[in-house]
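Step one of this worksheet: look at the structure below.
A, B, ... follow the sequence lines: proteins, then strands. Residue 1 opens every chain. Treat the numbers as computed from the prediction; the structure is a model and nothing was measured.
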Amino acid sequence: MTDEYRFSEIEPKWQAAWEKDGAFNTPNPGQPGFDASRQKFYCLDMFPYPSGAGLHVGHPEGYTATDIICRYKRMRGLNVLHPMGWDAFGLPAEQYAIRTGVHPSITTREAIDNFRRQLQRFGFSYDWSREFGTIDDDYYRWTQWIFLRIYNAWYDTNARRARPIAELIDELQSGRRLACGNPDGSEPVRRDSGEQQQRRWSELSELEQRKIIDSYRLAYVGEQTVNWCPKLGTALANEEVIDGKSERGGFPVFRKPMRQWMFRITAYGERLLDDLTLVDWPESTKKRQIDWIGRSDGAEIDFPLSGVADCSALRVFTTRPDTIFGATYMVVAPEHALVEALLKHPLPDTDVPRLRDYVAAARNRSDLERKESREKTGVFIGAYATNPFTKQRIPVWTADYVLAGYGTGAIMAVPAHDERDFEFAAAFDLPIRDVVYPRPVLAMRYYAENAQPEEAEGSAWIDVMADFMGLTVTSDCPLDQFAGQLRVVRARRAEHPQTPQSPADPAPATAVNRRGSIHMTWRDAIESMNFVDFADMAATLHHGGYYARLGRAYSGNGHAVNSSGPDISIDGLLTEFAKNAVIKHAETSGIGAARTQFKLRDWLFSRQRYWGEPFPIVWDERGHHHAVAESCLPVRLPEMADYAPEESDDPRPLLAKAAAWVNTTAGDAGVRGLPAGAAVRRETNTMPGWAGSCWYYIRFADPKNNERFVGRAAEQYWLRDGVDLYIGGEEHAVLHLLYARFWHKVLFDLGEVSTPEPFRKLFHQGLITSFAYQRADRSLVPMDEVDTPRDGEFIERATGQPVRQIIAKMSKSLKNVINPDDIIASYGADTFRLYEMGMGPLEASKPWNTRDIIGPHRFLQRVWRLVVTQDEDSPDGWRLNPRIAQARNDSVERLLHKTIKKVQNDIESFSFHTAISQMIVFSNEAPKPDSIGRDQIERLLVVLAPFAPHITEELWQRLGHADSVHAQPWPAYDETLTRDATVEVLVQVNGKKRGHLLVAPDAADHDVIDAAQALEAVAKEIAGRPIKKSFVAKGRLVNLIV
RNA sequence: GCGAAAGUGGCGGAAUGGCAGACGCGCCAGACUUAGGAUCUGGUGGGGCAACCCGUGGGGGUUCGAGUCCCCCCUUUCGCACCA
């Protein structure tokens, strides 16, 4: 070898050596080589979905970051678990297989092999002995096992945790629990209408018992309106639908009722929300989960219906029970059962054809159309309800602005205090009645009722009222002091009769002026209402028509007004108290109760696809589901030649085609509790792609375990406090990260894992984007069709027209996709790693620019030459750089300590780009002195090793070491050596730079000030004037004020 | 519409309230080389011969001192979007 840095020889050489030695394999507790005295560090990458296209430059960004951290943590003496695997079931693999005509098990294996090969070229320090894919029998066997654990569990709302179904049966049998369906179940189980018909468990038929038990299961079969995507041939979870299109592929999605496996994730809504306080996650991600879970506190209240068959009351959910006196009409979703009932048995006022048309139109309206047009539409359904507080008869409408899936699918409309209701009321001329006033409107109303007769004449009232509103608002006075405040206003007006005409009015007395400004504000507000005269104003407020007049709803808090009924009055109460009063009254009179709603829906877990985990479930001839025994897992996918979807509106699962697999016997399927010969049909749905990623981080702790999904000791060691660092893309903020938390919590409740949260610290790497070019008409030009004659100037070659450089996602059509293999071939993996880590902050999205790669490459060449030099006389063609000496160089030593400190701190704070720049500074300075200590260059190599593992290992070896640079302890730095012996202090006069001083870093302030004054340029500037004040920022700057 | 983040040289980016632009690219000059550059050295925000002046999206403010803190506005990106 010569003096050249031959990365293409060095990198494969060391990769092979590390693999041979198992250099980064980590023993588990109890295994040889395990050191229990060391702290653990579980560092996890979001494992990739191996696509046929191979690795993208975005993948190694997060992986390099975790690799640096892991190598660093090992040097700091921690036991590091750093695994890698493959998320390989799911739609994309299946669609790729369909396109290529090759079975997904083959294409997926090929894609995995390719991904592994590509990843290994980066020299990542994964423990490859723990590698697995979600499609491995050994793995999905346990995915199915966990499904059964969830299936055989129920949520005890009193204990706030999941419990085994056996304990539920025990409670039911012993009579400790009422023998009725799950009252909190969201699936449409026929709720035993007469709860009084309490029967004993033993009196129920087996069928009845089964129904009750099933209604409690955390995994249940529900008939629900789901998101059906004909193009993909499967239903999708809510989380997989974005703007009415499928998250994968962007195909249209329609609503369709289907019988599906669901997970009762809603039972965990509150804990999924509350436990976000336990984790160290980006605020934005927490917020997205909070929004997705969407908790709202309010009440359910029944409004009696008159004359509707089968339906005596309409139940609504509201977060503003305090506004119930303003509920002037009701709205139900077009899908609501009441609409259906009225279509069957119309009332005299029901316009059946119109109603039928509206419901049909609403059903066919996609989410997308709904979003585009927010025009309020609706139809009166002919029914009337009674507002239980005002006792007034109010009409019931149906409108698609009320969603069937939220709350009860019905609302009480309070147009004065809800924007949507206001728009609807305005469109259909429904009454709008104020029931909440904030302080100023309250003051207005008070004045309207208490004006003196002479004020009511003409327009004098406007000035008095403006003053009164201003005073009551600024003094925040309670209602019972309004009378006194009004007297104050009148007294002041008597003293200062002249009202300022504008805020800028140059009235001398500031008190008058201040009053003037506030006065004008309120005067403007009053005048903008366009009241004809006092009587008009007074009448508007008297009848609660203020917001109708204003033209918009007021949805804030305030005092209840116009809120007295035959049974109860809440007038004057502040919103929070008014809410409580209404709820209390509703509870005591049996028409309602406090209720918390979640936006989160139960998780649709069935897919009608081939390439996924089969459910360990069979159906008997009576249509009952049965679990496959744990000992008979896994349930393997049948071999199928034809797994292409038929694009259709008929959601028939693909596996149904595999008749020989589907039709089996209880004995063959491994179902207990049925005769072995009983004919059963296997469940033909498969699990969604998310299933495998819900628990892979647990399996990594003990991937070869055949007895359990994870060994107890391994779980308790590696997952104590959860995964210590989890790095991956932000796009999984509500999908994978919510699902995995849910599974983890169920396993926690059932005693299978020991922590409530899976991922303690989460970090999102930014997107690697690329440049693209845009014409004046905003159309895009591929990257290779643009010339750059001058910096910052871009010309489209074909037309000669200037184009604009923009940042865009990498895409094939823009020809700006980067293949990591090409970059590694040209520059090596170490350069690639340094380039990507040096681009900028890890969390920021940043554009790839191949032109810049040469920078980090030059840096590595410089490091190479620091150690190795060409020597034709030597047998190998090289020798150590003769500058390397035994004695340390002092200035290099200080810089080295600075460098170690900065790199260490920057790694800890994920600030890799500034760590790299510091090492470049070192490499720029280190060649300057005549010699450099051998241990100095060695310490640099150790510090650089996590970033550039191959070149440092090679140079470490050439320096004569038999061990690995990656096994070295992290070098210590001495704080005193990180500071310079003398510092240059900036001297300012009146904040302007006037000179510099060289002083000791701890020089006394007065000495620095004296020295500063002595400077010629400073003396000239001061010109004998006295120094009024001076500031010293130690070791940085001195500022003299004259 | 609501919410969050971000706007700094030709480009990527740096900067505990204390010399704006570290470091890298590019560019300029020079060196080595038959040559080349994936080599080396030096320079490089703008204006001015210079002293000096101007510069962190725009406008105000706090401060001895603001890219950094506060208020208003503009732009971009990303979420959410009839959730009662």
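- A:His996 comes within 4.0 angstrom of a base, heavy atoms only.
- Side chain of A:Ile920, nearest nucleotide from B:A84, B:A38, B:G24: B:G24.
- Spacing between atom CG of A:Leu738 and atom P of B:C80 amounts to 13 Å, rounded to whole angstrom units.
- The shortest distance between the side-chain N/O atoms of A:Arg865 and the OP1/OP2 oxygens of B:C40 is below 4.0 Å.
- Nucleic acid contact class of A:Asp421 (heavy atoms, under 4.0 Å, all strands): none.
- Contacts of A:Arg1036 with the nucleic acid, taken as non-hydrogen atoms under 4.0 Å apart, include base atoms.
- Base contact: A:Gln988 has a heavy atom under 4.0 Å from a base atom.
- Candidate nucleotides B:A84, B:C53, B:G12 were compared by shortest atom distance to the side chain of A:Met839, and B:G12 ranks first.
- The aromatic rings of A:Trp848 and A:Phe832 sit tilted, their planes meeting at an angle between 30° and 60°.
- A:Glu283 comes within 4.0 angstrom of nothing in the nucleic acid, heavy atoms only.
- The salt bridge (Lys or Arg N to Asp or Glu O under 4.0 Å) test applied to A:Arg288 returns no partner, not counting sequence neighbours.
- Distance from the side chain of A:Leu1037 is smallest for B:G18 among the nucleotides B:A14, B:A84, B:G18.
- With hydrogens and angles left out, the side-chain atoms of A:Ser296 and A:Gln597 include no donor and acceptor closer than 3.5 Å.
- Of the possible donor and acceptor atoms, none in the side chain of A:Lys901 sits under 3.5 Å from a partner among the backbone N and O of A:Glu975.
- Contact annotation for A:Ile854: backbone-only contact, meaning every heavy-atom pair under 4.0 Å involves sugar-phosphate atoms and none involves a base.
- No contact: A:Phe859 has no heavy atom under 4.0 Å from any strand.
- Atom pair A:Glu419:CD and B:C82:P shows a separation of 13 Å (rounding to whole Å applied).
- Contact annotation: A:Arg858 does not reach the phosphate of B:A38 (side-chain N/O to OP1 or OP2, under 4.0 Å).
- Remark: C1' of B:C23 and CG of A:Asn849 are 16 Å apart, rounded to the nearest angstrom.
- The CG atom of A:Leu860 sits 12 Å away from the P atom of B:C25 (whole-angstrom rounding).
- Rounded to a whole angstrom, the distance from the P atom of B:G45 to that of B:G21 is 9 Å.
- A straight line from CG of A:Leu403 to P of B:A81 spans 11 Å, rounded to a whole angstrom.
- The base of B:C82 is paired with the side chain of A:Lys376 by a donor and an acceptor separated by under 3.5 Å.
- Considering only the side chain of A:Asn1039, B:G18 comes nearest among B:G12, B:U39, B:G18.
- B:G59 shows a glycosidic angle more than 90° from 0 and is accordingly assigned anti.
- Here, B:G9 and B:C23 have their C1' atoms 14 Å apart, quoted to the whole Å.
- One can place CZ of A:Phe922 at 16 Å from P of B:C23, the figure rounded to the nearest angstrom.
- Position along RNA chain B of the nearest nucleotide to A:Lys287 versus A:Pro841 favours A:Lys287 as the more 5'-ward residue.
- A straight line from NZ of A:Lys928 to P of B:G42 spans 6 Å, rounded to a whole angstrom.
- Ring geometry, A:His732 versus A:His736: the interplanar angle exceeds 60°, so the pair is classed perpendicular (tilted spans 30 to 60°).
- In this structure, A:Lys286 places its NZ atom 20 Å from C1' of B:C78, rounding to the nearest Å.
- Listed nucleotides B:A38, B:G18, B:G12 differ in distance to A:Phe7; the shortest reach to its side chain belongs to B:A38.
- You'll find that the side chain of A:Ser296 is closest to B:A84, out of B:G12, B:A84, B:G18.
- If you check B:G13, B:C53, B:C19 against the side chain of A:Arg994, the one that comes closest is B:C53.
- Considering only heavy atoms from C-beta on, A:Lys579 comes within 4.5 Å of A:Arg320 through its side chain.
- The separation of B:A66 from B:G60, taken at their C1' atoms, amounts to 14 Å, rounded to a whole angstrom.
- Closest approach to the A:Arg288 side chain among B:A84, B:G79, B:G10 is made by B:G79 (side chain taken as heavy atoms from C-beta onward).
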Test side chain to side chain donor-acceptor pair (under 3.5 Å) applied to A:Ser284 and A:Glu730, step by step: CA-CA 9 Å; A:Ser284 61; A:Glu730 197 170 10; 3.2 Å; yes

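- For A:Thr328 and A:Arg433, the side-chain atoms include no donor-acceptor pair closer than 3.5 Å.
- To the nearest whole angstrom, the two C1' atoms, one in B:U62 and one in B:C69, are 8 Å apart.
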Bracket string, RNA chain B, 5' to 3' - pairs by Watson-Crick or G-U geometry under 3.5 Å, | interstrand: (((((((..(((.....[....)))((((((.......))))))(((....)))..(((((..]....))))))))))))....

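- Using a 4.0 Å cut-off between charged nitrogen and carboxylate oxygen, A:Glu925 and A:Lys898 do not count as a salt-bridge pair.
- In this model, the phosphate group of B:G24 is not approached by any side-chain N or O of A:His913 to a distance below 4.0 Å at OP1 or OP2.
- The same atom, C1', is picked in B:U8 and in B:A22; the two are 13 Å apart, to the nearest Å.
- Closest to the side chain of A:Tyr401, from the set B:C82, B:G24, B:C19, is B:C82.
- The side chain of A:Lys846 approaches B:G12 more closely than any other nucleotide in the set B:A38, B:G12, B:C40.
- The separation of B:C19 from B:G12, taken at their P atoms, amounts to 24 Å, rounded to a whole angstrom.
- Between B:C23 and A:Arg862, no contact under 4.0 Å exists linking OP1 or OP2 to a side-chain N or O.
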From CA spacing to verdict: side chain to side chain donor-acceptor pair (under 3.5 Å), A:Thr869, A:Asn881: CA-CA 5 Å; A:Thr869 203; A:Asn881 190 323; 5.4 Å; no

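- To the nearest whole angstrom, the two P atoms, one in B:G10 and one in B:G30, are 25 Å apart.
- Ring centroid separation for the pair A:Phe910 and A:Phe763 comes in under the 6.0 Å cut-off.
- Residue contacts for A:Thr318: at a heavy-atom cut-off of 4.0 Å it reaches the sugar-phosphate backbone alone, with no base atom in range.
- The separation of B:G43 from B:G24, taken at their P atoms, amounts to 12 Å, rounded to a whole angstrom.
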